[in-house]
Amino acid sequence: MITVESVSKLFEGIPAVDDISFQANDKEILVLLGTSGCGKTTTLKMLNRLIDADAGTIHINGKNIREQKVEDLRMGMGFVMQHSGLFPHYTIQKNIAVVPDLLKWDKKKTATRTEELLHKLHLTLDILDKFPNELSGGQQQRVGIARALIANPPILLMDEPFGALDNITKADIHEEFKSLEELKNKTIVLVTHDVQEAFELGHRICLMNQGKIIQTGTPKEMLYQAKNDFVTNFFSENRLLLEYKTTLYSDLKSLTNFNNDTNFQFSDDTDIWTILQKLSSDHSLNEDYETLVRAFNQYRKLQML
Ligand SMILES: Nc1ncnc2c1ncn2[C@@H]1O[C@H](COP(=O)(O)OP(=O)(O)OP(=O)(O)O)[C@@H](O)[C@H]1O
């Protein structure tokens, strides 16, 4: 568990991060969300002491990060940097082997683990002898993730890990990311300015503005229990889509007017957006589509009461 308490950071007297507190629970994906310059990256870098906080404390599993060696701290954390952060003059193989080399792994162990990760991340072995600029943006970002995961750290810090991808590629990668076994037991703090990404990946979201955390909560809490107008306005542009994506089939099943006789073949944790997309691709399912939309609208009304 990561516990951040009353942490601040000033650059040239100006607060970049201003008295923030939050917790990232074990095995959750906590997203730091906000517009450019609001202090997300500074916050992330304070967790692994790439930047030292000026005030406040950060504990990881109960240990103050100031009271341990920086190298030890960082060995327990993978860091995926903005724009992949690969060393341009290193081959992919060398880029991935940075941490194993520091840990003095033998060559065979590094090669085996590298191959395992490339396979899991759907990368082919032929990229190992290439340089980063010979790979697509998506491939580079996957290599960045492989590099961060190689020594299987319990914590993963990710700074705009999918930032260079277009929206269609992003949506595919989000799905894949969520289903990666390798990530399931990790505590992940992920920085993004992309609202949809925050909603698709985050178990909880810290919404930041001007160095402060305005609200922390689940995606649903952000939508239906917004703390103030800033939060409401931040999500207003995509609101309907976000509501579809955060509402699950199980939420609607409990509604009294939901026609459960219809033979919906969806699991309880499927979101309504996904179900509507599937139903809309088949005209014979028009009635099911209508039933679902009616139930969704009733659910929305109840949430907003
Ligand atoms: N090394 C630095 N020196 C001076 N000012 C800095 C430094 N690093 C960050 N800042 C300033 O601190 C503020 C927060 O920056 P930070 O990079 O944390 O924001 P961010 O939310 O991650 O933005 P982005 O999404 O654009 O990376 C900004 O005003 C930035 O200009």
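Everything numeric here is computed off the predicted structure, so don't read it as measured data. As the structure lists them, so they are numbered: ligands from 1, and atoms in each ligand from 1.
Between the side chain of H193 and the backbone N or O of T35 there is no donor-acceptor pair closer than 3.5 Å. A distance-only check finds a donor-acceptor pair linking the side chain of S179 to the backbone of E176 [under 3.5 Å].
Residue pairs that meet the side chain to side chain donor-acceptor pair (under 3.5 Å) test with at least one member in residues 92-105, sequence neighbours left out, are N95-R147.
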Identify every side-chain donor-acceptor pair in residues 43-53 under 3.5 Å, counting partners at least two apart or on other chains, and give the distances.
residue: T43; atom: OG1; partner: G39; partner atom: O; Å: 2.7
residue: N48; atom: OD1; partner: L50; partner atom: N; Å: 3.1
residue: R49; atom: NE; partner: D52; partner atom: OD1; Å: 2.7
residue: R49; atom: NH1; partner: I65; partner atom: O; Å: 3.4
residue: R49; atom: NH2; partner: D52; partner atom: OD1; Å: 3.4
residue: R49; atom: NH2; partner: D52; partner atom: OD2; Å: 3.3

Can you give me every donor-acceptor pair (side chain of residues 118-125, partner residue at least two apart or in another chain, under 3.5 Å) with its distance?
residue: K120; atom: NZ; partner: E182; partner atom: OE1; Å: 2.7
residue: T124; atom: OG1; partner: D126; partner atom: OD1; Å: 2.4

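Under the 4.0 Å criterion applied to side-chain N and carboxylate O atoms, D271 and K245 are not assigned as salt-bridge partners.
The immediate protein surroundings of ligand 1, defined as residues with any heavy atom under 4.0 Å of it, consist of F11, A16, T35, S36, G37, C38, G39, K40, T41, T42, Q82.
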